[in-house]
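These notes are about the structure you will find just below.
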Amino acid sequence: MKYLPVVGLEIHLQVKTKTKMFSRVNAEYFNEAPNTHIDPVSFGLPGALPVPNKTAIEKAVRLALALNCKINKKIHFDRKNYFYPDLPKGYQISQFDKPIGENGFVEIEVGDDSRRIRLTRLHIEEDTGKSLHSGNETLLDYNKSGIPLVEMVTEPDFESVEEVLAFAKRLRQIVRYTGTSDAEMQKGQMRFELNISVRKEGEKGLPNYKVEVKNIGSISVLEKVMNYEIERQSALLEKGEEIKNQTRGLKDMTGVTLFQRGKESSDDYRYFPEPDIPPITFSDEYISNIEKSMPELPNQRLERYLNLGLELEQADNFIEDKARGDYFDSVLKVASDDSEAKEISKWINTDLTGILVKNNKDYNSDILSASDLYYLIKMAKEKKITVAIAKSVIEEIIKQDKSESGSAEQIINEKGLIQIQDDSEIEQFIQEVVDENAKVITDMEKNPNALKFLVGQVMRKSKGRVNPQTAEEKLVQKLNS
Ligand code: MN
């Protein structure tokens, strides 16, 4: 019997702000010495009064709009009461009945299908501190305490692992495009909580149990956990066992989960309105200003690129790496028309990206200008320079110190890299290669790579200035004559 997963997600996202959610402490705590980014508010001292961070709220509203949520115009904060040493106040300031956004959705593509995953809610809250367990001791670091978080909850709409992964990646893109967060998962800026059960293939309706896996900090671990749980739960049901509601934790990064506690009823946090923060009302103007300044979103960008004739895989590279997409756009602007988009895309995704990786750079670094790349693509297309030369000029510019760099055109002119058009000059190179490689030519029938080798010799002699196709044609002519 085949069992298929039913999945819902909860996502916690650290919002990128200068200061914490309810106080003026510097929010950039990563790698800082423990307990150096604290104050009476984030330390939860009695009498300390929270003041909401305007930027965090604005970013949360922007994200909620990007996720197609309905915005609650009047919001307030609530206290979520529970005790844990990393929460010194004994409650977390969160939002309960009036979250910033409700009833949104995210559009995802899986294979040729597109699907809508519904978002139940999006609210803002504060992060907790961090417990570090070593031996018999627990150490507490409150630097993270009070970092602004957005929590998002989806409906249990996912029916496959692929859908969850597509959603996680698309959500991370939206979060980055809107500037809500860098969503660097290895820094804990985006964390997943998985609700997963399985049902027999063909069955409708939600299963009568739910397994919760907390604190998943990477998309690849998320994938492994889902596969592990699908197998584990399917095997139990196949044996006729009943699965109870429970919370499980990660054993390690391999996806194996361990039982933590059973869950008979839902937690009772005794939520009540936070008395120290007055309710907040968003004016229509506030919301429409955020709407008006909304950047192009990933699915809009994808559609634009597909309309330019790009293949999905090519376009996807530009969606996932926004800086690469921005660079592609800047070259498109220089190009004479959009019919060149496909070719430009190939140069960027294959040649330029390869050269950048080789030189330890990326699209956020200062690389060659859009007009230089476009000039080289055009020169190669018009066969004025060879592709090999175009690539070597790209690499030369990328390696250069920007203060003394020349333009692509300067380099080509100064070094005399223009492709040789003069037939007699090409034939002379060919004659030399034929004279110098008599043995290779005699053994040609036994050696399938001989022709390629000879073309390579012509390229070397001409310093890459002969079109390789022309070289090959003329070589074949010469050898057959
Ligand atoms: Mn939460």
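In listed order, ligands and their atoms are each counted from 1.
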Notebook entry, point to check: So, are Glu395 and Lys391 salt-bridged, with charged N and O less than 4.0 Å apart?
Noted result: no
Under 3.5 Å donor-acceptor pairs involving side-chain atoms of residues 101-112, not counting sequence neighbours:
from	atom 1	to	atom 2	distance (Å)
Glu102	OE1	Asn72	ND2	2.9
Glu109	OE1	Arg170	NH2	3.3

Output side-chain donor-acceptor pairs under 3.5 Å for residues 306-315, partner residues at least two apart or in another chain, one line each.
from	atom 1	to	atom 2	distance (Å)
Asn307	ND2	Glu303	O	3.3
Gln314	OE1	Ser345	OG	2.4
Gln314	OE1	Asn349	ND2	3.1

Residue pairs meeting side-chain hydrogen bond (donor to acceptor under 3.5 Å, both in side chains), one or both in residues 44-56, sequence neighbours left out, come to Thr19-Asn53
Q: Would you check if Pro207 and Val6 make a side-chain contact, meaning some heavy-atom pair closer than 4.5 Å?
A: yes
So the protein N/O/S atoms within less than 2.8 Å of the Mn ion (ligand 1) come down to His12 NE2, Glu125 OE2, Glu151 OE1
Worksheet entry | Side chain proximity check, Glu340 to Trp347, heavy atoms < 4.5 angstrom | no
